[in-house]
Amino acid sequence: MAVTGWLECLRTAEKTALLQDGRRKVHYLFPDGKEMAEEYDEKTGELLVRKWRVKSALGALGQWQIEVGEPAFLGAGSLGPEFIKENNANPIFMRKDTKMSFQWRIRNLPYPKDVYSVCVDQKERCIIVRTTNKKYYKKFSIPDLDRHQLPVDGSLLSFAHANCTLIISYQKPKAVLAAESELQKELKKVKTAYSSDGDCKTQ
């Protein structure tokens, strides 16, 4: 079963864990050299961040690619705060899951709810967001479903709109909930370091 296959990958990965600022940070190193870093809320166990890093063909470490979590800080750094200011009116796409759903938020979309169309493309295994006024279009996949080799089911999809933010939810299939529960049990076995300073291997 595919779910077991993904769980097995996580079990066999080299893992380190750190408890810092109320977050449990877990770093995975896979046999193929890929890295995954996750951050969980210490109290609720909710996934706050998931990011990936892959080595280039020459062995150099690439940039972290965020799958779950707030992307805002990516604009900071060498480009300076003006980079963020320049784009703060543009739609901002991010994923922020709940216990029972995969969830995406697209900020800075001021149009009323009936302007949006959110649907599943079965052939391309993705979700498509478009507006009837042709002001916004977005196509994105659900990597979790790909990893577990599960179908993309339009009946599990819903959306809401409030405060200029479009909130798209996809109810997690039972197989995914079971795998996440098993992973939490697995992570409890990982020896956790405790840190009060800003140093963290996964960043």
Side-chain angles (χ1 to χ4, degrees), residues 1-20 22-55 64-71 93-105 118-129 139-160 167-193 200-203:
M1 190 176 166
V3 171
T4 309
W6 171 239
L7 260 180
E8 201 52 43
C9 282
L10 296 177
R11 283 194 181 114
T12 55
E14 188 181 313
K15 294 182 282 292
T16 54
L18 177 73
L19 196 62
Q20 183 182 50
R23 293 186 175 203
R24 182 180 173 82
K25 302 181 178 185
V26 185
H27 179 269
Y28 304 78
L29 180 60
F30 297 96
D32 62 2
K34 278 185 186 174
E35 294 176 78
M36 181 174 80
E38 293 183 325
E39 296 182 17
Y40 293 89
D41 184 293
E42 182 196 356
K43 291 188 175 70
T44 65
E46 183 184 335
L47 177 67
L48 303 172
V49 175
R50 179 186 291 135
K51 52 189 178 178
W52 293 84
R53 185 162 66 175
V54 183
K55 284 186 179 178
W64 285 104
Q65 301 296 316
I66 292 182
E67 182 180 312
V68 178
E70 184 73 59
F93 178 84
M94 66 170 287
R95 177 173 156 186
K96 187 182 188 308
D97 292 355
T98 66
K99 278 277 190 200
M100 303 305 290
S101 298
F102 303 123
Q103 195 173 88
W104 300 265
R105 291 166 185 258
V118 181
C119 62
V120 160
D121 184 322
Q122 297 283 0
K123 193 175 176 183
E124 294 197 35
R125 291 181 55 79
C126 66
I127 294 171
I128 295 175
V129 182
K139 183 164 73 172
F140 58 94
S141 63
I142 308 177
D144 307 71
L145 297 185
D146 294 338
R147 286 191 286 265
H148 295 310
Q149 294 176 22
L150 293 169
V152 184
D153 183 351
S155 69
L156 301 177
L157 187 65
S158 62
F159 72 96
I167 302 166
I168 302 158
S169 299
Y170 185 97
Q171 191 179 325
K172 291 178 183 176
K174 287 179 182 176
V176 170
L177 292 172
E180 288 180 348
S181 177
E182 284 300 312
L183 177 60
Q184 288 306 310
K185 290 176 192 171
E186 195 67 28
L187 293 180
K188 283 175 183 172
K189 301 175 191 173
V190 179
K191 188 178 178 184
T192 303
C200 177
K201 181 182 174 182
T202 65
Q203 291 183 334

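Predicted model only: the values in this text are computed from it and were never measured. Keep in mind that the numbers below use all heavy atoms, side chains included, and drop hydrogens, waters and symmetry copies.
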Q. Does a side-chain N-to-carboxylate-O contact under 4.0 Å join Glu67 and Arg95?
A. yes
Only residue of Asp144, Val152, Val118 satisfying side chain to side chain contact (heavy atoms under 4.5 Å, CB included) with Tyr170 is Val152
Open item on the list: Strictly distance-based, threshold 3.5 Å: is any side-chain N or O of Ser181 a donor or acceptor partner for the main-chain N or O of Leu177?
Closed with: no
- Query: Are Lys172 and Glu180 ion-paired here, with the side-chain N under 4.0 Å from a carboxylate O?
  - Reply: yes
Notebook entry, point to check: Side chains of Lys139 and Ile127: closer than 4.5 Å at any heavy-atom pair?
Noted result: no
Output for pair (Leu47 CG, Gln184 CD), nearest 0.5 Å, gives 8.5 Å
Rounding to 0.5 Å, atoms CD1 (Ile168) and CZ (Phe159) come to a distance of 8.5 Å
Is there a side-chain contact between Gln20 and Lys25, using heavy atoms and a 4.5 Å cut-off?
yes
Given Arg11 and Glu182, is the salt bridge (charged side-chain N to carboxylate O under 4.0 Å, His left out) satisfied, shown in steps? CA-CA 10 Å; Arg11 283 194 181 114; Glu182 284 300 312; 3.7 Å; yes
Asp97 (side chain) donor-acceptor with Gln103 (main chain) under 3.5 angstrom: yes
* Asked: Below 4.5 Å, heavy atoms only, C-beta onward: do Val49 and Tyr40 meet side chain to side chain?
  -> no
query: Phe93 vs Phe140 aromatic rings, parallel, tilted or perpendicular, using cut-offs 30° and 60°?
result: tilted
Distance col, row Glu46:CD vs Arg23:CZ, nearest 0.5 angstrom, shows 10.0 Å
Contacts of Phe30 meeting ring-ring contact (aromatic ring centres under 6.0 Å, His included) (sequence neighbours excluded), chain-then-number -> Trp52
(request) Give a yes or no on whether the backbone of Gly22 and the side-chain of Lys43 come within a donor-acceptor separation of less than 3.5 Å. (result) no
Hey, are the side chains of Val176 and Leu150 touching, using non-hydrogen atoms and a 4.5 Å cut-off?
yes
A side-chain contact here means heavy atoms from C-beta on lying under 4.5 Å apart; do Arg50 and Ile66 qualify? no
* Start with the C-alpha distance between Glu39 and Val68, add both sets of side-chain angles, then the distance that settles side chain to side chain contact (heavy atoms under 4.5 Å, CB included), and finish with yes or no. => CA-CA 10 Å; Glu39 296 182 17; Val68 178; over 6 Å; no
Would a distance-only check, ignoring hydrogens and angles, find a side-chain to backbone donor-acceptor pair under 3.5 Å from Arg147 to Ile142?
no
NZ (Lys34) and CG (Leu29) are apart, to the nearest 0.5 Å, by 12.5 Å
Taken to the nearest 0.5 Å, the spacing of Glu38 CD from Leu10 CG works out to 7.0 Å
Rounded to the nearest 0.5 Å, the NZ atom of Lys51 sits from the CD atom of Glu35 at a distance of 10.5 Å
**Q.** Whether Ser101 side chain and Thr98 backbone form a donor-acceptor pair below 3.5 Å
**A.** no
- When you check the gap from the basic side-chain N to the acidic O, do Arg125 and Asp146 get nearer than 4.0 Å? yes
